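Just so you know, these numbers come straight off a predicted model, no measurement behind them. Chain A is the first sequence line, chain B the second, and so forth, proteins listed ahead of strands; every chain is numbered from 1.
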Amino acid sequence: MSTTTSSSTKSADPATTSPSEPRPSNFVRDTVLEDLKTKKYGDAVIQTRFPPEPNGYLHIGHAKSICLNFGLADEFGGKTNLRFDDTNPEKEEQEYVDSIMQDVRWLGFEWDGLFYASDYFDQLYQWAVKLIQDGKAYVDDLSAEEIRKHRGTLTEPGQDSPHRNRSAAENLDLFERMRQGEFPDGSRVLRAKIDMASPNLNLRDPVMYRILRAEHHRTGDKWCIYPMYDYAHGQSDSIEHVTHSICTLEFEDHRPLYNWFIQQLGIFPSQQMEFDRLSLTYTLLSKRKLLTLVQEKRVTGWNDPRMPTLSGIRRRGYTPEAIRNFCAAIGVSKTNGTLELAMLEHFVREDLNKRAPRVMAVLRPLKVVIDNYPEGQVDEVDAVNNPEDESAGKRKVPFSKVLYIEHDDFREDPPKQYYRLSPGREVRLRYGYFITARSVIKNDQGEVVEVHCTYDPATRGGNAPDGRKVKSTIHWVSAAHAIDAEVRIYDKLFARQDPNQVEEGQEFTANLNPASLEVITNAKLEPSLANAPIEARYQFERLGYFCVDPDSEPGHLVFNRTVALKDTWAKIEKKSGS
RNA sequence: UGGGCCGUCGACUAAUGGUAGGUCAAGUGCCUUUGGAGCACUUUGUCUAGGUUCGAAUCCUAGCGGCCCAGCCA
């Protein structure tokens with residue numbers, strides 16, 4: 001992929017501390033550049049952070065954020081922390097923490113600091129006490145529902161809680177007793193005292209702490225009160241001296257609150273900036289909904305190869321490079337849009353094309369017998385491992401009298417522009433010989449089950465000495481040498497471009513693509529694949545990119561199709577069909 | 001209809017008052033022992049209307065359209 005040329009890279013920029021590749025311009029990077037130039041943070045390097053909540057697995061949308069945050073720090077010699085936003089013990093688990101760390105590293109990034117919002121619970125508590133002392137926070141006894149009623153609506157101001165003007169002493173006492181566990185869950189909250197009439201709902205005395213008796217994955221039962229996101233996040237950023245706190249657009253309305261806490265506390269002024277969340281066609285990127293798919297067993301787990309999670313995509317065969325290139329190419333803006341899935345697929349193909357060894361595999365075997373080929377003779381033909389990479393070398397592939405070819409590669413009655421095998425037609429068997437179809441054998445249903453051909457011994461390797469050309473080259477596997485494999489063909493998980501678009505009363509699961517997985521149990525592979533290791537990626541010539549699934553066992557290989565090759569014939573067929 | 005944000009080819013994104021460019025997709029041709037890859041070419045765009053300016057995608061005004069916010073989720 002070539003990087004977009006941008007004006008910001010035309011001239012050497014003194015703020016750029018690394019001589020790295022020109023990077024695509026975006027408004028976040030521009031701001032960093034500007035802040036560095038004006039020395040907004042003195043001589044300090046920029047500090048970013050990736051702050052996932054450990055309540056699910058990371059997905060491709062997170063990859064965009066990871067690449068942005070780590071990428072900025074890399075480019076400008078800054079640092080990036082991994083910080084778990086673990087303020088809601090009811091939804092968070094160690095399993096998610098572990099998977100997140102694994103996925104970030106797999107993507108190719110290493111954090112500078114590893115932190116948890118829960119590391120700061122004591123500090124956060126002390127700051128809350130300070131806000132109470134300053135008359136900026138109060139304990140409210142209203143129920144959740146009463147608070148909601150008092151909040152007003154989008155168009156009407158809220159009303160003050162009757163407890164809004166308690167004395168600092170009383171608030172201090174109550175808050176301390178909240179922490180001590182004197183009150184039942186949900187009976188009281190600590191609220192910031194801001195403005196119940198603010199047009200920004202986030203400023204209508206937001207809740208800072210709630211009482212929640214839940215086992216926290218790190219602090220256990222030490223606390224029975226937990227800070228809310230708005231109170232925890234900005235302060236965590238500030239503690240870590242995060243200079244650029246990059247989050248998604250839906251937090252734009254929270255920025256005034258983010259700033260309010262920092263200002264009241266007089267602590268390090270981290271700056272929040274918001275960019276657009278990634279959306280992809282035919283894809284859902286909502287941890288809540290992905291969780292639903294897992295819980296309802298619509299998929300086999302978070303790492304089902306159809307899932308847009310990093311672990312799913314990894315198992316599907318995507319490379320970290322492909323994802324990083326994708327993230328660099330899609331850019332960062334404030335526009336809410338939806339990217340075509342084709343864009344993502346392009347970047348896997350691009351990467352795999354360069355690195356994946358080619359191999360021959362037949363997914364839907366059709367038996368071919370070469371009548372004039374000597375019985376029992378085996379011919380080891382040379383095959384190129386990767387035409388894109390000469391250093392990948394060559395291998396031998398056994399050729400013999402009985403072969404399998406792809407069922408699609410033979411048509412008894414070939415349509416226009418179909419160049420593959422058909423009665424009387426000569427084609428090339430890749431790296432093998434030219435063969436001509438002579439007759440077919442059909443089963444009781446009238447389906448072709450065997451094609452008898454003749455071959456031209458002079459065409460060994462694939463070229464005719466007399467210079468005659470052939471329109472098409474097809475792949476094959478020697479029947480006697482083939483190894484059997486299971487191949488899982490994946491398609492879009494959702495049938496609708498926008499999986500959230502549902503008929504009245506329906507769930508998003510109604511949009512699930514019933515054909516998202518097709519399992520082929522009798523695929524035939526060339527023997528070189530016998531010892532293919534888990535996660536190894538190949539191009540099955542003319543078919544697509546495939547990788548070895550962890551479900552594989554000795555003697556039973558399982559492949560996942562990562563993505564199909566672009567298929568010109570399919571286009572022609574579709575066009576003439578419609 | 002309170003507040004916030006956003007409108008550039010079909011999609012994503014650049015242009016920072018001075019040539020509307022790139023990537024994907026689509027199409028055409030070349031090439032090809034993968035109908036792959038590669039190469040070349042092509043199509044299509046500044047939401048609308050006013051204004052400022054020598055000059056506006058960019059600044060101003062007004063419309064129109066979209067997204068977000070009324071969790072003791074993040």
Over all strands shown, is [X] touching base, sugar-phosphate only, or nothing at heavy-atom distances under 4.0 angstrom?
X: A:Arg204; answer: nothing
X: A:Ile147; answer: base
X: A:Thr87; answer: sugar-phosphate
X: A:Thr338; answer: sugar-phosphate
X: A:Gln417; answer: base
X: A:His233; answer: nothing
X: A:Arg430; answer: base
X: A:Gln539; answer: base
X: A:Tyr226; answer: nothing
X: A:Ile572; answer: base
X: A:Asn88; answer: sugar-phosphate
X: A:Pro51; answer: nothing
X: A:Tyr419; answer: base

Taking the [atom1] atom in each of [N] and [M], what is the distance between them to the nearest angstrom?
N: B:U48; M: B:C64; atom1: C1'; result: 7 Å
N: B:C6; M: B:C59; atom1: P; result: 11 Å
N: B:C47; M: B:C9; atom1: C1'; result: 14 Å
N: B:G51; M: B:U42; atom1: C1'; result: 38 Å
N: B:U61; M: B:U53; atom1: C1'; result: 16 Å
N: B:U19; M: B:U13; atom1: P; result: 22 Å
N: B:G63; M: B:A56; atom1: P; result: 24 Å
N: B:A15; M: B:G2; atom1: C1'; result: 36 Å

### Task
Report yes if a side-chain nitrogen or oxygen of A:Arg542 is closer than 4.0 Å to either non-bridging phosphate oxygen (OP1 or OP2) of B:G35; otherwise report no.
yes
### Message
Within the supplied structure, the quantity of interest is the number of heavy atoms (other residues, nucleotides, ligands) at a distance under 6.0 Å from A:Glu380 CD; does it exceed 12?
### Response
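Correct, the count exceeds 12.
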### Query
Does A:Arg277 CZ have over 12 foreign heavy atoms under 6.0 Å away?
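No - once you tally the heavy atoms of other residues, nucleotides and ligands closer than 6.0 Å, there are 12 at most.
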Taking pairing as Watson-Crick or G-U wobble with both contacts under 3.5 Å, can you name the mate of [N], or confirm there isn't one?
N: B:C5; result: B:G66
N: B:A26; result: B:U42
N: B:C73; result: none

### Task
Indicate yes or no: at least one non-hydrogen side-chain atom of A:Tyr418 is less than 4.5 angstrom from one of A:Arg425.
yes
With no angle test and no hydrogens, is the base of [N] tied to the side chain of [X] by a donor-acceptor pair under 3.5 Å?
X: A:Glu388; N: B:G36; answer: yes
X: A:Glu340; N: B:G10; answer: yes
X: A:Asp567; N: B:G35; answer: no
X: A:Arg420; N: B:G35; answer: yes

### Message
Classify the ring geometry of A:His216 against A:Phe121: parallel below 30°, tilted from 30° to 60°, perpendicular beyond 60°.
### Response
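Because their plane-to-plane angle is over 60°, the rings of A:His216 and A:Phe121 count as perpendicular.
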### Task
Run the numbers on A:His217 and A:Tyr96 for ring-ring contact (aromatic ring centres under 6.0 Å, His included), then give the verdict.
CA-CA 10 Å; A:His217 70 105; A:Tyr96 297 135; 9.7 Å; no
### Query
5'-most contact on RNA chain B: A:Arg255 or A:Leu154, nearest heavy atom basis?
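The residue whose closest nucleotide sits nearer the 5' end is A:Leu154.
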### Task
Indicate yes or no: does A:Arg164 engage A:Asp205 in a salt bridge with an N to O separation below 4.0 Å.
yes
### Message
To check you understand the geometry: which heavy-atom pair defines the closest contact between A:Ser245 and A:Tyr258, and what is its length?
### Response
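In this case the closest contact between A:Ser245 and A:Tyr258 is CB-OH, 3.3 Å.
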